[in-house]
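This report refers to the structure that appears directly beneath it.
When a residue number appears, it is its place in the shown sequence, counting from 1.
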Amino acid sequence: MTTKILVVDDHHVVRRGLVFFLRTQKEIEIVAEAGNGIEAIELTKRHQPDLILMDLSMPEMDGIEATKIIKNLYPTIKVIILTSFSEQDHVIPALEAGASGYQLKDIQPDELVQSIRNVMLGTNQLHPKATSHLLAKLSTDRNQSRHSIYELTKREMDVLKEIAKGKSNKEIATSLYITEKTVKTHVSNLLSKLDLADRTQAALYAVKNRLVE
């Protein structure tokens, strides 16, 4: 099956080099080229590619913003970031925007083709540096989450567990033998400590952190 690809890069020489190489691959069809994020969005609408090779740093609109918009409009289109940047503050936003792959421009041509194949088969393809950044972020998120729990008092923890069971403030007050006003205070405090917006988020947080059966 032929994979239709849109190549996006503001450096003409780099873009033309990619296009020239990829056109030697029988299963790949280059449907268009773009020099910035805005062009990428317009050409995506026009050509409906299967996959986009997306640069990050570009004029008019960068690759992260373009990826976010394209994935919102066309969730099934795959995006592989192809860039010179390997820092965490580039990797994480790109993945959060919806990219299925993150590769550096020093990648071997055959490895790039294999990455395209794998992404089309549904496997995310990350450069080792991108993978390490992702794992580090996940570890940090877990540590921060556990740290936030430890900031709760025992009574706030009790209230959080009751919230996760779907109980109202009145029901929580009855269960814990405290006043409804005290429950409201505990709810306000725990939402603040956990940086949560409302009771729904609090309930999800409790389930995620296995505070309830």
Subject >> Chi angles and distances behind the side chain to side chain contact (heavy atoms under 4.5 Å, CB included) call for Val7, Val19 >> reply: CA-CA 7 Å; Val7 178; Val19 169; 4.0 Å; yes

Subject >> Test item: Leu82 and Met54 side chains (from C-beta on) under 4.5 Å apart, heavy atoms >> reply: no

**OP:** Measure the spacing between OG1 of Thr3 and NZ of Lys78 and express it to the nearest 0.5 Å.
**Re:** 11.5 Å

Subject >> Sequence neighbours excluded, every pair satisfying salt bridge (charged side-chain N to carboxylate O under 4.0 Å, His left out) that has a member inside residues 48-61 >> reply: Asp55-Lys105

**OP:** Flag the pair Ile5 / Ile52 as yes when at least one side-chain heavy-atom distance between them is below 4.5 Å, and no otherwise.
**Re:** no

Original post:
Out of curiosity, Met58 CE to Ile38 CD1, how far, rounded to the nearest 0.5 Å?
Top reply: 10.0 Å

Subject >> Close side-chain approach of Lys4 to His47, heavy-atom, < 4.5 Å >> reply: no

Original post:
Rounded to the nearest 0.5 Å, how far does CD1 of Ile81 lie from CG of Leu53?
Top reply: 9.5 Å

Subject >> Main-chain N/O of Ser168 paired with Glu171 side-chain donor or acceptor, under 3.5 Å >> reply: yes

Would you give me the side-chain donor-acceptor pairs under 3.5 Å for residues 67-75, sequence neighbours excluded?
{"unit_1": "Thr67", "atom_1": "OG1", "unit_2": "Gly63", "atom_2": "O", "d": "2.7"}
{"unit_1": "Lys71", "atom_1": "NZ", "unit_2": "Pro75", "atom_2": "O", "d": "2.8"}
{"unit_1": "Lys71", "atom_1": "NZ", "unit_2": "Ile77", "atom_2": "O", "d": "2.9"}
{"unit_1": "Tyr74", "atom_1": "OH", "unit_2": "Gln48", "atom_2": "NE2", "d": "3.4"}

**OP:** Could you state whether Leu112 and Val31 fall into the same hydrophobic cluster, counting links through intermediate Ile, Leu, Val, Met, Phe, Trp or Tyr residues with side-chain heavy atoms under 4.5 angstrom apart?
**Re:** no

Original post:
How long is the span from the CZ atom in Arg199 to the CG atom in Leu160, to the nearest 0.5 Å?
Top reply: 10.5 Å

**OP:** Using the side chain to side chain contact (heavy atoms under 4.5 Å, CB included) rule, take His186 and Ile178 through it: C-alpha gap first, then chi angles, then the decisive distance, then the call.
**Re:** CA-CA 11 Å; His186 287 319; Ile178 55 180; 4.1 Å; yes

**OP:** Using the test side-chain contact (heavy atoms from CB on, under 4.5 Å), find all partners of Ser188 that sit at least two apart in sequence or belong to another chain.
**Re:** none

Original post:
Can you get from Met157 to Leu191 by hopping between Ile, Leu, Val, Met, Phe, Trp and Tyr side chains that sit under 4.5 Å apart?
Top reply: yes

Original post:
Sequence neighbours excluded, which residues qualify as side-chain contact (heavy atoms from CB on, under 4.5 Å) partners of Ser57?
Top reply: Phe85

Subject >> Under 3.5 Å: donor-acceptor pair, side chain of Thr24, backbone of Phe20 >> reply: no

Subject >> Note, His11 side chain near Val13 side chain (heavy atom, < 4.5 Å) >> reply: no

Original post:
With the threshold set at 4.0 Å, does a side-chain nitrogen-carboxylate oxygen contact exist between Glu162 and Lys167?
Top reply: yes

Original post:
Going by heavy atoms in the side chains, are Met61 and Ile41 under 4.5 Å from each other?
Top reply: yes

**OP:** Report the distance from atom CD of Glu65 to atom CG of Leu56, rounding to the nearest 0.5 Å.
**Re:** 12.5 Å

**OP:** Give the C-alpha distance, both sets of side-chain angles, the deciding distance and a yes or no for side chain to side chain contact (heavy atoms under 4.5 Å, CB included) between Tyr205 and Leu190.
**Re:** CA-CA 11 Å; Tyr205 182 94; Leu190 71 86; over 6 Å; no

Original post:
Leu6 and Ala40: which non-hydrogen atoms are nearest, and at how many Å?
Top reply: CD2-O, 3.6 Å

Subject >> Minimum heavy-atom distance Ala66-Gly37, with the two atoms named >> reply: CB-CA, 3.7 Å

**OP:** Examine distances only and state if a side-chain atom of Glu39 and a backbone atom of Gly35 form a donor-acceptor pair shorter than 3.5 Å.
**Re:** yes

Subject >> Leu104 versus Ser84, closest heavy-atom pair with distance >> reply: CD2-C, 4.3 Å

**OP:** Ignoring hydrogens and angles, state whether a donor on the side chain of Arg155 or Asn189 is under 3.5 Å from an acceptor on the partner side chain.
**Re:** no

Subject >> Sequence-distant partners of Lys193, side-chain contact (heavy atoms from CB on, under 4.5 Å), two or more places apart >> reply: Glu151, Leu152, Thr153, Glu156

Original post:
Can you tell if the side chain of Ser100 reaches within under 4.5 Å of the side chain of Val79, non-hydrogen atoms only?
Top reply: no

**OP:** Would you kindly say whether Gln114 and Asn118 are connected by a side-chain donor-acceptor distance under 3.5 Å?
**Re:** yes

**OP:** Starting at CD1 of Ile107, measure out to OG of Ser115 and round the result to the nearest 0.5 Å.
**Re:** 4.0 Å

**OP:** Evaluate the side-chain proximity of Thr182 to Leu176: yes if any heavy-atom separation is below 4.5 Å, no if none is.
**Re:** no

**OP:** List the atom of Ala202, the atom of Leu196, and the distance in Å for their closest heavy-atom pair.
**Re:** CA-CD1, 3.5 Å

**OP:** May I ask you to say whether Glu29 pairs ionically with Arg23, meaning some side-chain N is under 4.0 Å from a carboxylate O?
**Re:** no

**OP:** List in chain and number order the residues that pass side-chain contact (heavy atoms from CB on, under 4.5 Å) with Gln25, two or more places apart in sequence or in another chain; answer none if no residue qualifies.
**Re:** Phe21, Glu27, Ile28, Val113, Arg117

**OP:** Quick one: do Glu33 and Arg16 satisfy side chain to side chain contact (heavy atoms under 4.5 Å, CB included)? Show the steps, please.
**Re:** CA-CA 9 Å; Glu33 305 172 38; Arg16 293 305 300 160; 2.3 Å; yes

Original post:
Does atom CG of Asp198 have more than 12 heavy-atom neighbours from other groups under 6.0 Å away?
Top reply: yes

Original post:
Taking the side chain as C-beta and beyond, is there a heavy-atom pair between Glu180 and Ile172 under 4.5 Å?
Top reply: no

